[in-house]
Structures are given as structure tokens and as C-alpha cells.
Amino acid sequence: MSDQKRLFLVDAYALIFRGYYAFIKNPRINSKGEDTSAIMGFMNSLLDVIKRERPDHLGVCFDKGGSADRVEMFEAYKANRDETPEGIKTAIPHIHNILKAMHIPIMVKEGYEADDVIGTLSRQAEKEGYKTYMVTPDKDFAQLVTDNIFMYRPVFGGGYETWGIPEVQKKFEVTDPLQVIDFLGMMGDSSDNIPGLPGVGEKTAKKFIAQFGSMEGLLANTDQLKGKMKEKVEANGELGLLSKKLATIMLDVPVTFDAKDFELDHPNIEAVKQIFQDLEFRRLTENFLKTFAGNGETAPTETSVAPAETKTTPKPTSSAGAGQFSLFGNEEEDTAEVVSEYTRKTSETAPHFYQYINTPSSKRLFIKSLLQQPSVCFDTETTGLNPLTAELVGIAFSWETGKGFYLPFPEDKNESQNLIEDLRPFFENENIEKIGQNLKYDIKVLAKYNIDVKGKLFDTMLAHYLINPDMRHNMDVLAETYLNYTPISITELIGKKGKNQLSMREVDLEKQTEYAVEDADITLQLKEHFQNELGEANTQKLFDDIEIPLLRVLAAMEIEGINLDKKFLNSLSEDLNNDITNLEKKIYDAAGEEFNIASPKQLGVILFEKLKLVDKPKKTKTGQYATSEDILSYLAKEHEIIQNILDFRGLSKLKSTYVDALPKQVEESTGRVHTDYMQTVAATGRLSSNNPNLQNIPIRTERGRQVRKAFVPRNEDYTLLAADYSQIELRIIAALSKEKTMIEAFKNGEDIHASTASKVFNIPINEVSREQRSNAKTVNFGIIYGVSAFGLSNQTNLSRSESKELIDTYYATYPQLRNYISEQVDFARDNGYVQTVLGRRRYLKDINSRNAVVRGAAERNAVNAPIQGSAADIIKIAMINIYNKLNEGDFKTKMLLQVHDELVFDVYKPELETIKTLVKTEMENAYKLEVPLDVDLDIGDNWLEAH
DNA sequence: TGCAATGCATA
DNA sequence: GTATGCATTGCAA
């Protein structure tokens, strides 16, 4: 290091925010309830810098009142910043006091940001021969870097890096640090609300800088750009220049650098100690004393100080007197055996008392108390996500906000089973309400331990799904939205998934307790919140009568799984492989060389450069040749190779998505495929299926439908039964719209598409041509989706005007249908939502949008959601009723799958006739409409035959 | 390694 | 035109 004098200018807020958020998961709270995270974080950084660098000149700069100039230029500047957190606001006066006691100058200038103050001072200091180090993590400062001005950046995980000109050149790919301004102006900065150029991100900005040197250079040479980018940049030149101005740090703040103001003086040790003591900083006090020992003239030998106090282990506030927080009420026995107690505060919530239970007597007390509760929230912790293989690690319980218990489970199977037996009286008690988040999971886990969860259920995930189906429903989101509370993240506990992820069992008991009971506690609080809202949205019945009972039905279906003929799929895979290889050969022959057909890049070169199939081939936005399905189909007549390529793609898809993927999904422990039904993802009320998705097994093409042959009954004594609603959505729209003509057609059992064609084209039903029926069918479906003439002409061989005419005659034929559609849209406009026959709502916030495209989409939703959703409601009712009948009758037959309008059963052959009647009756009578519901039944030795 | 975009399977 | 899930690709981290 040279003898040149060195000035360190600290960007206070940047370090304060950084320090504050470093502790966000475990805020430092002292006994007075003050959140000292920000102070702690900032002081750690400051002492760290002093200790490492021993600066002779030092100042700390604060913002004050924001940047008046920038706001004047651009109203939205920094407008989307969240309110400064309370923990930071309260920290500022303390930090000021500490700095004063340390005799460190505080630089503030009303109406200017710290950036500007630091920029101005550093330039002045440079003239006086100083080297300036700007202490900040903020990349914006890179624009200030010169031969004598550096950034001194804290890096993640501790330590610092110094950025001089070479580092800035490398990081930003610029030749001059001043170009950082152009760079920031182009890509924008969402945290400061600097707009930047639309469509330009980091990569493009770097490219532009390399190509044009500056924002002005870019704007002057837009002729060198192409496509969308050219349009966007040209249209937003003004915005670009403004963004550049906003990103520019000012160098003319009215401040004067006077070296003696910044000399690092001896701190008033006693005063600092006193402040630290008041704040209850112990390690920091030691750190401070060490840093300034001997007036700082004998520099400590250590080269780095680990960011102190970042360990996450919570400290029990006391080890004695555990009984004082006991939830056991007036039990006479001691509760000292409740070993752990942990108190956690956040700024928003009251203290939490979470206890784990691992002694016989505390367990006895706990269970006694548990059984006296009318309503309990619980949450199971397991070794994995698959409930069929996961083992219990513990169960958390809570029945009072902020309090709860955790019962850890031993690894040994027998011991674990013994422990769960102690809880059987609770879980199987009909009179205790069980509350949980995604109870289907817990019920499935407990089922593996032969526990049948009985009594009333309240699932917060399902409740929220009904309250707001368009949102997501995971607990973290719900807690943040409704309770203003951030739960401990699972990642924090067990690590990122992959290499070093722990199992829940490997986590310390205290942390398990903290995490698990917090979940139960929060879920309980969410329940309080949601149960009122359900009433307000009028969805209480839907919750009690449909979604909650369905949860048990789905759990049973998922546990049951379906038998899969792996051998069959393997042979199918070989067949496909042969065909694919043959196609490959043909393609290579035609191409004259071997290449990767799956790579669009290589394929493009072959088709358009080598074979020159087209004069001027289309390119994608990335500059590749376009080889998508529609383009290739269009070219199919040009060359035989094209059809082969299309076939190759189709077969590869079939093979990878179904034929090869399904056998891998067979659960080893059961030998069956267990899909997971998601009850809360489809905004309309439908279920969805995943891991694997059994709701999209091919059926349309001959080749694809072969996959269905692999779904087979459990053994020779069983057969598969598929029961599907015929035209349920059209029946629903006919009934809801009270369209007499269509209702009559259904009542008479007519072929509805032929019937529609006959009326629309005004010909007898038996003279309807194939094409006419097909067009009528397309319109019938189109109505359900909210047709447009444009969409229709895309689907049929009709022109746009023919399509329009067809739609017009269609509406003339079914006038009530048209009325119904406009009524739905009106209802949505007035109420902001539409609803199904059972009152399931879908909110349509865009229904009054001024943007016609956005509004149009909402209008189509207004038509479709009640139809699709009512069909979903109806089949859900049927499922619940059938499930109950199967249980009551002690049938061996099981319901296995649901595919929106179809149910699949594994039928015990002797029960076949009874089951056929039962299923058909329950499905057809699940809900009374003015139109009869009709169910087709088919049986077979596999899912294809049963169709 | 994780993400969005694309393409395609179903109702 | 509605509603989903998943495999692959290509790009960003």
C-alpha cells in the first residue's frame, strides 16, 4: 500500500439494509423488545472495515429526504420501494449516537442521496491527492471509479473486494467506468424504479455498450438493430435518456471536503460501551474494544472477523421455570419435564411458546390435555414428500395461538408405531375437530400407520382455494398475506434440495420443534381468519359438503393407485424405438448425412441450407431457422423428409412422455402408479393430476392410445370400468341458459351435434353431412370456450366471414344461449366474479379492463368458468357419494381415477352388475338439472378396452 | 442448476 | 376461444 492518504466513505443505508436483512430470518431482539438487527449488522461492517484497513480518514454518509432533483425528473423514481422497515427506522438514531461517540463524521445533505454526497466528496478528495474507498455493496457506484477512487464492496459470506478500473471494465464489459451509467440506463433498475429500455436486460445492455458505446450512440444508430428490438428502442429513446439521467450520480452537491473533518479520531470508549450495553450487545462490545485497543496503533493480527452473531441457533430465554408457560392449565404435576421451551418474537407477533415432549410423564400430560380439546391443529413432519414411503419424524399440535407442542417420533418402526398408538384416541375421536394445511398429505401419512383420521376437518389450503382460487395456497404465502408473518423456510432448516439436503430427522430437535409447531400455530391462526371469510363468500356449504369430504376420497384413490403393465410398455417402447430408428435412417438418407434430428439448429441447417426446401426460410427471433410443427406441416408436400421428421417427433414425444416415463413412476412398495390429485390448483374447480399426470394419457391417435392398454385391473378377479358423462358441459350450458330447443334435444336423446347442425343448416337431422356435423360440433365447443369468428375459422375450413355467419345463425337458433352468455358477462362486470351451480366463485379482475384483449379474455372466462366449474362440482359430488356407498357396502371394488368427466374403477368381477348400477345412478343423479345427465359405462381388461 | 418458452397430451 | 402437466430446449446464474 502506498503512503498516499486514504479516505473511506461509507454508504450508511446500504450497509444498514444489508445488515438488517442478514438477520431477517432471526431478528436480533433485546429484552426491551427492540429489533437491533440493523444496528448490529451495520456496526459489524463498520468495525470490520476499520480493523482491516485502518483508514486514517473516514466518514459515514446518509440520505436525507430523497433526491429532489430525480423525483422532479421522474415522479416514479424509487416510488415502488417498500416503506422502510420499522427495525431500520428505529435503528437510525442509535447509529447516529454511536457514530458521534466514536467521533466519526456523519455526512447528510437534505435533498441528496448518499451516492451524490459520496460522489462529490470523492472527486474533491481526489484533487487533494487522496485515494478514496467507497464502502458500499451498491453497483451503481461503479460509475465513480477512477485511478484514485475505488469501490470497497462487502461480499457475500464475509470479506471485501476492491473494484478499480480494471474490475469495473471486466464486470460491466465497458472500457470506461462512466459507461456504467449508460449500462444502468439501458437495463434499468427495478429497485430504484429506473425504467430503462423495455426489453433490454443485462445481456443486451452489455451488447449495446460494446457495439455503440453509449445510450446516445445506441439511439443514433438504431438502423443497425432489427425486428422488435429496433421498434422498442426507437419508440423509447426519451425514456432511455431519462433513465440515464436518473442513473447518474451527481458530483456537484454543495459540500466541501475538508480533510481534518475526516481524520479518524479516538472514540469515546466509555460512551460507546454504555450505548452497546443499553442495546445489550456483548460480542460487539468485545469486538469494539479489541478494534480500538491501544488507540488502534497496534493493529490486531487477525485478518478477518467472521460476521459476528450470525448464528441462527435461538437461545432459550430461560432454562428454569419451564412451567410458567405450561399449557396444561391447572395440572398439579410438575411440568419441568417438558424439556425445551423456546421463545420467538417477531416485530409483528407476540412471543411464541413451543415445547417438545420427550418424557413419559410429559407425554401423558400432553395427551390428557389434547383429548380435552374440541379442536386441534396438527402437522406431521416426515422424512420425505412421498406419503407412501415417508416416515413420521414428529407431529406438531397447537390449539391456542402462539403456543404448541411437538412430539418427536423415533426412527425405530415398532417404537414409532407404539407412539402413534398413544395418539389413536385423538386422531380417531369423532368429536375433536382436526385442523391442518393440506390434510390430504397428513391423512395419507397416518394411513400408513393404520390411523384413520376421524371427526370434522378444516383444511386451510382448501378454505383459501374457495376464497381466492386464483391465488396460490402454500402456507408461506398465506402466512405472509393474512398474518403478516414470515415462517421459517424449509430450506433454512434442511438446505437446498440436491446434494447436501438433510432429512427432517437429521435436524436438531429444537429446530424441528420451532419449525413444526410454528406451522401448526400459523395454520391455526389462518383457520380463524378463513372460517369467517368462507361465510362471507357464501362458500361454506361448498367447503363442508364438497371439498372437505372429497379430500378423504382423493386420499383413498391416491393410496390405492392403479396397476400398470410394465412389460407391455417395455415392448411398446421397443416397437417405437424400431420405428424411430427406421425414420432416422430414412431422414439421414434423404439428408445425405447423419445429424441430430431433435436439434432444431441442426435440422434447420439440413432443411434450408443443404436441401434448400424453401427460397427464403423463416427465422426465429434468435436467428435460427424456424422448424416448428406448423411450418413443417406446411412444407410436408415439398419433400418426403418432412413427414418423416414430423413422425419422428411425434413418436419421440410419445416414447419419452408416456411409454418410458410411466414405468419409472411405479411405486416400488406397492407395484402400482399413484398419481397425486391437486385439489387447489385449477381456478375453475377442476382437479389436476401429477406425478404422473394420468389425466392426459393419449386417446386420439391410434398409436398413442395403445398406452392405455398398459392400465390394467389388479388381477384376474377384477375388471376395469370406465364411466363418463356424455356431453356434460353442453348439458350444463343448455340447462343454465334454459335454451328450450337444446334442452329438448338432450331430453330426446338426440346426437346433439347432428341436432345442432340440422337446426343451423335447416335440414332434416338424418341428412346432416359429416362436415356439417363437424362444424356444428366445433361451434358447440366454441360456445363453451367463448367463441370468436376468428377462432372458429382457425378451427374449421370455413373462412372468417363464413364463420361469422355460422355463429350468427347459431345464436339465432339458440337465442337463450346468447342471452345467457351476455348475462354472465354482465354479472361479472357488476359483481367482479362468476359462479358455478354450487356457488364456487371465480373472480375476474380484468372484466372491466380498458384493454380489449385483456377484457376479452376475462369475458371468455366469465362464460367458461361456470360451465367447466359446474361440471367439476357435479363429478365431485358423484365421487363422494360413490365413495361412501362403496365403503358402506363393503365392496371390494375401488375408485381409481378421475379424468374431469370420467371415473375409472377397479371392479371386483362378482360385484360388476351392482357396481354398474350404483355408479351410473350416482353419477346421473349427483345434481338435478333441467337436462338429464347421461353416463356411458364400459368395461374391459385394460383402460383402452373400457372405452 | 434452475428458469422460461415451446410444443403437445387430455377434458 | 377454456382448463391443466410435462419433456425438451436454450439461456441465465
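Source: prediction; values computed, not measured. Lettering of chains follows the sequences in order, A, B, ..., and the numbering in each one begins at 1.
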query: So does R700(A) get a side-chain nitrogen or oxygen closer than 4.0 Å to the phosphate oxygens (OP1/OP2) of dT10(B)?
result: yes
query: Pairing of DNA chain B as dot-bracket, 5' to 3': ( ) intra-strand, [ ] crossing, | other strand, . unpaired, with Watson-Crick or G-U pairs under 3.5 Å?
result: |||||||||||
- prompt: If only atom types and distance count, is the side chain of N861(A) paired as donor or acceptor with the main-chain N or O of A857(A) below 3.5 Å?
  reply: yes
- prompt: Rounded to whole angstrom units, what separation is found between the CG atom of L651(A) and the C1' atom of dC8(B)?
  reply: 14 Å
query: Within a radius of less than 6.0 Å around CD of E667(A), do more than 12 heavy atoms belonging to other residues, nucleotides or ligands occur?
result: yes
task: Send over the distance from I867(A) CD1 to dG1(C) C1', rounded to a whole Å.
output: 14 Å
statement: To the nearest angstrom, the CE-C1' distance between M187(A) and dA13(C) comes to 13 Å
query: Tell me: NZ of K655(A) to P of dC8(B), nearest whole Å?
result: 19 Å
field: Whole angstrom value for the distance that separates P of dG1(C) from CZ of R855(A)
entry: 17 Å
message: Taking any heavy-atom pair under 4.0 Å as a contact, classify T778(A): base, sugar-phosphate, or nothing.
response: base
task: Indicate yes or no for a side-chain donor-acceptor contact from N691(A) to the backbone of T675(A) under 3.5 Å, with no hydrogens or angles considered.
output: no
query: Would you call D826(A) and R829(A) a salt bridge, using N to O less than 4.0 angstrom?
result: yes
message: I'd like to compare against my own output: the B/S/- annotation of nucleotides 3-8 of chain C with a strict under-4.0 Å heavy-atom distance to protein.
response: BSBSSS
- request: Count the heavy atoms of every other residue, nucleotide or ligand shown that sit under 6.0 Å from CD of E161(A), and state whether that count exceeds 12.
  value: yes
task: Using whole Å, report how far CG of L944(A) lies from P of dA9(B).
output: 17 Å
message: From CZ of R705(A) over to P of dT10(B), roughly how many Å is that when rounded to an integer?
response: 10 Å
query: Are side-chain N/O atoms of T796(A) and T778(A) paired as donor and acceptor at under 3.5 Å?
result: no
- prompt: Does R731(A) use its side chain to pair, donor to acceptor, with the backbone of S726(A) at less than 3.5 Å?
  reply: yes
field: Heavy-atom donor-acceptor pair, S737(A) side chain to A734(A) backbone, under 3.5 Å
entry: yes
task: Scan L654(A) against the nucleic acid and name what it touches under 4.0 Å (heavy atoms): base, sugar-phosphate only, or nothing.
output: nothing
query: Expressed in angstrom and rounded to an integer, what is the separation of L817(A) atom CG from dG1(C) atom P?
result: 20 Å
field: H674(A) backbone acceptor or donor facing Q665(A) side chain under 3.5 Å
entry: no
message: Using a 4.0 Å heavy-atom cut-off, does I697(A) contact any base of the nucleic acid, only the sugar-phosphate backbone, or nothing at all?
response: sugar-phosphate
